Asker: 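A single structure is presented below for examination.
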Amino acid sequence: MAVTAMSVNQFISNSYSSRPSGGLRWSKRPSRRVVRCCETAVEVAEKRKTVVKNGNDSLEICRVLNGMWQTSGGWGRIDRDDAVEAMLRYADAGLSTFDMADHYGPAEDLYGIFINRVRRERPPEYLENVRGLTKWVPPPVKMTSSFVRENINVSRKRMDVASLDMLQFHWWDYSNPGYLDALKHLTDLKEEGKIKTVALTNFDTERLQKILENGIPVVSNQVQHSIVDMRPQQKMAELCQLTGVKLITYGTVMGGLLSEKFLDTNLTIPFAGPPLNTPSLQKYKRMVDAWGGWNLFQVLLQTLKRVASKHGVSIPAVAVKYILDQQAVAGSMVGVRLGLAEHIKDTNAIFSLVLDEEDVSSILEVSEKGKDLMKIIGDCGDEYRRV
């Protein structure tokens with residue numbers, strides 16, 4: 001839906017509390033969403049995809065996205081040919097939306113090779129289902145039209161596409177208002193057909209509101225969101241529900257911490273548990289520490305294991321499904337170590353998984369025992385802007 005400044009301002013004015021600080025009152029407790037226990041195969045197939053949109057701009061994506069941060073180094077050496085073959089296997093299995101960034105090593109180049117293989121080796125209708133979402137993370141310099149255009153053209157060339165399916169924009173420094181200039185130039189490029197949809201990544205609620213008030217037709221905001229990190233449900237989701245902007249989430253399985261591999265382990269004893277040997281494991285272990293520590297995290301893993309065993313799926317499947325069921329969430333990222341490891345079967349199990357009221361209640365009970373990360377870290381994306 002198109003968003004107007006009036007609708008956003010109405011949302012803000014309706015949300016003010018009576019506190020002298022003039023701050024907004026937001027509920028920490030996420031809403032409970034209970035879904036039906038039985039679904040047909042057609043319903044499951046329909047749930048595989050969703051549409052993000054704003055006004056006339058729209059893009060259909062798979063609700064579980066293949067995250068390509070893991071191609072940037074730190075997760076093992078990526079072989080180009082093996083990686084492209086793995087991308088084809090994911091797409092063949094219906095997992096055909098790939099998320100990358102200009103700074104994720106060779107990710108955009110790999111997508112370019114992959115999409116050319118698809119054009120040569122798959123039927124035209126197959127190509128229609130493939131999506132390549134990328135991010136632009138520029139330094140906070142002056143955002144001229146030519147500077148923006150040159151950088152977007154680099155991604156278009158690397159990905160070998162005439163038009164980027166989605167460009168997700170990140171900005172480091174809110175004190176520099178150049179992000180509005182950049183987004184206006186990106187909108188111009190969208191009108192020229194060089195970008196299909198404009199989106200954000202790691203923006204907070206206040207800045208999302210401001211961007212919408214300036215008439216930028218963003219369709220989504222990609223943010224960190226997991227059972228441990230429920231910050232997006234405290235402020236961001238309410239604005240998204242009003243405006244139609246959707247959330248795409250990353251960190252949903254916390255780099256693999258939310259898995260059987262770390263169940264019943266004790267990382268407080270050196271070398272006693274699995275090594276935290278990737279950038280994502282190290283990043284999300286810090287999030288666990290801020291939330292409630294390893295002992296409480298073990299209680300969460302044990303709870304997730306009981307739910308997973310009940311449904312015959314894995315812990316990561318439960319973790320992703322729980323977030324997909326949260327308000328305003330269009331899709332969730334699962335990182336792919338292309339050519340090194342594969343989890344196609346586990347990922348596809350998410351689409352037929354239905355969490356009942358007992359499952360949701362048991363997970364929520366543990367989740368709420370953790371600390372309020374909004375008070376510790378701040379709103380969505382603030383972890384990247386803390387001094």
Side-chain angles (χ1 to χ4, degrees), residues 61 64-91 95-117 130-140 151-161 164-172 199-202 221-226 229 248-259 274-287 316 331-344 347 381 383-385:
I61 61 172
V64 178
L65 299 87
N66 304 313
M68 295 179 66
W69 181 30
Q70 285 78 358
T71 66
S72 61
W75 287 265
R77 182 183 176 275
I78 297 291
D79 178 84
R80 186 191 69 177
D81 294 339
D82 290 346
V84 173
E85 288 292 340
M87 293 175 75
L88 287 167
R89 288 194 295 274
Y90 275 94
L95 302 168
S96 54
T97 299
F98 296 85
D99 179 88
M100 64 211 85
D102 59 342
H103 62 289
Y104 286 1
E108 290 184 334
D109 301 300
L110 290 172
Y111 184 84
I113 299 169
F114 157 76
I115 203 67
N116 269 299
R117 288 278 304 273
V130 175
R131 299 288 181 267
L133 287 50
T134 195
K135 306 180 194 75
W136 183 40
V137 185
N151 279 273
I152 298 312
N153 282 341
V154 170
S155 288
R156 291 171 58 228
K157 183 177 180 180
R158 292 179 69 191
M159 296 173 67
D160 200 9
V161 293
L164 300 175
D165 289 327
M166 178 186 288
L167 191 286
Q168 300 164 104
F169 177 71
H170 174 91
W171 190 250
W172 292 107
L200 306 174
T201 181
N202 294 315
N221 186 19
Q222 186 177 135
V223 295
Q224 183 173 294
H225 195 356
S226 68
D229 186 1
I248 294 175
T249 75
Y250 66 87
T252 308
V253 297
M254 305 189 73
L257 288 177
L258 285 171
S259 69
L276 301 177
N277 56 0
T278 69
S280 52
L281 286 173
Q282 294 159 12
K283 172 184 178 179
Y284 294 114
K285 173 57 166 57
R286 292 192 292 270
M287 197 62 57
S332 292
M333 205 82 56
V334 176
V336 289
R337 299 177 64 187
L338 299 171
L340 300 175
E342 217 158 85
H343 40 69
I344 291 174
T347 301
E383 59 269 30
Y384 296 100
R385 301 176 181 89

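It should be emphasised that the depicted structure is a prediction, and the values quoted were computed from it without experimental measurement. Just so you know, residue 1 is the first one in the sequence shown, and it goes up from there.
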Asker: From the options D102, L167, T134, select the one residue that forms a side chain to side chain contact (heavy atoms under 4.5 Å, CB included) with I152.
Answerer: L167
Asker: With side chains defined as the heavy atoms from C-beta onward, is the minimum distance between L338 and D82 less than 4.5 Å?
Answerer: no
Asker: By the definition side chain to side chain contact (heavy atoms under 4.5 Å, CB included), identify the one residue from I115, D165, V154, L164 that meets it with M159.
Answerer: L164
Asker: Just to verify, which of K157, R158, H103, K135 counts as forming a side-chain hydrogen bond (donor to acceptor under 3.5 Å, both in side chains) with E108?
Answerer: R158
Asker: Would a 4.5 Å heavy-atom cut-off, applied to side chains only, mark S280 and W69 as touching?
Answerer: yes
Asker: Is there side-chain contact between L257 and L276, with heavy atoms separated by less than 4.5 Å?
Answerer: yes
Asker: Determine whether V130 and Y111 satisfy the following criterion, side-chain contact (heavy atoms from CB on, under 4.5 Å), listing intermediate values before the conclusion.
Answerer: CA-CA 11 Å; V130 175; Y111 184 84; 3.6 Å; yes
Asker: For E342 and A86, work out which heavy atoms get closest and say how close.
Answerer: OE2-CB, 4.0 Å
Asker: Going from CD1 on I113 to CZ on R80, what distance comes out if it is rounded to the nearest 0.5 angstrom?
Answerer: 4.5 Å
Asker: Give the ring-plane orientation class for Y384 versus W172, where under 30° counts as parallel, over 60° as perpendicular and anything between as tilted.
Answerer: perpendicular
Asker: Please find the pair of heavy atoms, one from H170 and one from P138, that lie closest to each other, and give the distance.
Answerer: O-CD, 3.4 Å
Asker: How far apart are the closest heavy atoms of L281 and P275, and which atoms are they?
Answerer: CD1-O, 3.8 Å
Asker: Is there side-chain contact between V334 and L95, with at least one heavy-atom pair below 4.5 Å?
Answerer: no
Asker: Is the shortest heavy-atom distance from the side chain of V253 to the side chain of M333 under 4.5 Å?
Answerer: no
Asker: Which distance, rounded to the nearest 0.5 Å, do you find between the CG of L133 and the CG of L65?
Answerer: 6.5 Å
Asker: Taking the side chain as everything from C-beta on, heavy atoms only, tell me whether P140 gets closer than 4.5 Å to W171.
Answerer: yes
Asker: What are the two closest heavy atoms between M87 and F98, and how far apart are they?
Answerer: O-CZ, 3.5 Å
Asker: Looking at T252, D229, T201, which hits side chain to side chain contact (heavy atoms under 4.5 Å, CB included) with Q224?
Answerer: D229
Asker: Restricting to non-hydrogen atoms, name the atom on T71 and the atom on Y104 that form the minimum distance, rounded to 0.1 Å.
Answerer: OG1-O, 3.2 Å
Asker: Which value, rounded to the nearest 0.5 Å, describes the distance between I248 atom CD1 and M166 atom CE?
Answerer: 4.5 Å
Asker: Hey, are the side chains of D99 and Q168 touching, using non-hydrogen atoms and a 4.5 Å cut-off?
Answerer: yes
Asker: Which pair of heavy atoms, one from T249 and one from S332, lies closest together, and at what distance?
Answerer: OG1-OG, 2.8 Å
Asker: Using a 4.5 Å cut-off on heavy atoms from C-beta on, say whether the side chain of Y284 contacts that of S226.
Answerer: no
